[in-house]
Amino acid sequence: MDIPRIFNITESAHRIHNPFTAEKLATLGAVLRLDAGASVLDLGSGSGEMLCTWARDYGITGVGIDMSQLFSKQAKLRAKELGVTGQVKFIHDNAVGYIADKKVDIAACVGATWIGGGIAGTIELLTKSLHTGGTILIGEPYWRQLPPTEDVVKGCCAESISDFVMLPELITYFGDLNYDVVEMVLADQEGWDRYEAAKWLTMRRWLEANPNDDFAKEVRTQLTLEPKRYVTYTREYLGWGVFALIAR
Ligand code: SAH
């Protein structure tokens, strides 16, 4: 079981697989006013940076589930590196339908809401693992500007303009689902650059090391096209943030 190989290649050197910098991730942990010992469930935990750094900095405990074999392995290594193996656990598995044995204080899905079939379904899934009154974290893109043409939508790697909404509509949507938005931390273009541009050097190095791999042609095409696509579309039109929600 694994995610499509292209992600395991292009994001192999990422610690954070979204447009948050290490500083933003630390800010999110700080603004949530986490209690030492608070329990966190993270569906689509990637390379485990959120749980590992929050365990080190704020004393949380956590469980992360991720379908990438490589990222799950990296998460375990990171826990060792930061000396938090006693506090965090990483499970390599499909998180669709995953419910924790023991209810948690914070249930998160940061940049992987397809796991619950969208925002509403993911909130519903996370709620099944959450103490009453606990906090849900949803990491999600939104349009910074509405795409004027279909080309711009496609350039942002979206299928349709309705894949995302503008920030005010996203906040309204959480309210419509009967949740208070109690905090939020938004990515900025610098964070997007770190997420997207880091893939370019990784692809270049991978191509040099794997010239005869079956995937070399695809990676070469991506490396050729991605910088221009990214600065033209994603960087200008897409925002991203993590929203902290508590049921009303
Ligand atoms: N939350 C992490 C990773 C976000 S990227 C971070 O912010 O760094 C999306 C992640 O979802 C990837 O790590 C990918 O491997 C994982 N993923 C995709 N589909 C999944 C599924 N069905 N179950 C569990 N993880 C999944």
Side-chain angles (χ1 to χ4, degrees), residues 1-29 32 40-57 60 62-79 81-82 88-100 104 106-119 121-126 128-129 135-142 157-158 163-164 184-188 191-199 202 234 238-244:
M1 179 206 337
D2 214 326
I3 56 170
R5 185 167 174 224
I6 189 74
F7 299 109
N8 286 325
I9 294 172
T10 59
E11 299 191 25
S12 60
H14 284 56
R15 280 208 176 118
I16 303 174
H17 303 265
N18 70 53
F20 259 16
T21 56
E23 292 74 25
K24 292 274 181 185
L25 204 53
T27 298
L28 178 63
L32 292 174
V40 183
L41 172 70
D42 190 11
L43 301 187
S45 44
S47 298
E49 193 67 2
M50 185 173 87
L51 291 181
C52 290
T53 55
W54 288 6
R56 177 195 62 190
D57 298 339
I60 60 111
V63 173
I65 326 288
D66 199 279
M67 205 156 96
S68 162
Q69 208 153 16
L70 175 69
F71 301 167
S72 302
K73 195 174 88 194
Q74 289 179 165
K76 288 178 192 168
L77 288 174
R78 187 67 172 146
E81 189 179 21
L82 298 189
V88 296
K89 187 174 148 192
F90 292 101
I91 301 169
H92 172 234
D93 205 349
N94 188 340
V96 172
Y98 184 89
I99 301 169
V104 297
I106 293 162
C109 183
V110 175
T113 52
W114 56 84
I115 285 172
I119 295 175
T122 298
I123 291 176
E124 206 183 312
L125 173 62
L126 292 172
K128 294 180 181 163
S129 298
T135 304
I136 286 182
L137 300 179
I138 294 286
E140 189 70 9
Y142 56 87
C157 304
D163 285 6
F164 310 118
M184 70 174 192
V185 177
L186 303 181
D188 54 20
W192 272 111
D193 294 349
R194 298 284 49 77
Y195 177 49
E196 294 291 341
K199 298 176 191 174
T202 302
T234 305
L238 268 186
W240 195 88
V242 178
F243 303 87

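All values reported here derive from a predicted model rather than from experimental measurement. Atoms within a ligand are numbered from 1 in the order they appear, just like the ligands themselves.
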Can you name the salt bridge (Lys or Arg N to Asp or Glu O under 4.0 Å) partners of Arg194, sequence neighbours left out?
-> Glu190

Examine distances only and state if a side-chain atom of [X] and a backbone atom of [Y] form a donor-acceptor pair shorter than 3.5 Å.
X	Y	result
Ser45	Ile65	yes
Ser72	Asp66	yes
Trp192	Leu238	yes

Can you name the side-chain hydrogen bond (donor to acceptor under 3.5 Å, both in side chains) partners of Asp193, sequence neighbours left out?
->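 Counting only residues at least two positions away or on another chain, Asp193 forms a side-chain hydrogen bond (donor to acceptor under 3.5 Å, both in side chains) with Tyr230, Arg235.
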
Taking only residues two or more places apart in sequence or in another chain, which ones pass ring-ring contact (aromatic ring centres under 6.0 Å, His included) with Tyr195?
-> His14

Which protein residues have a heavy atom under 4.0 Å from ligand 1?
-> Ile3, Ile16, His17, Asn18, Gly44, Ser45, Gly46, Asp66, Met67, Ser68, Phe71, Asp93, Asn94, Ala95, Val96, Val110, Gly111, Ala112, Trp114, Ile115

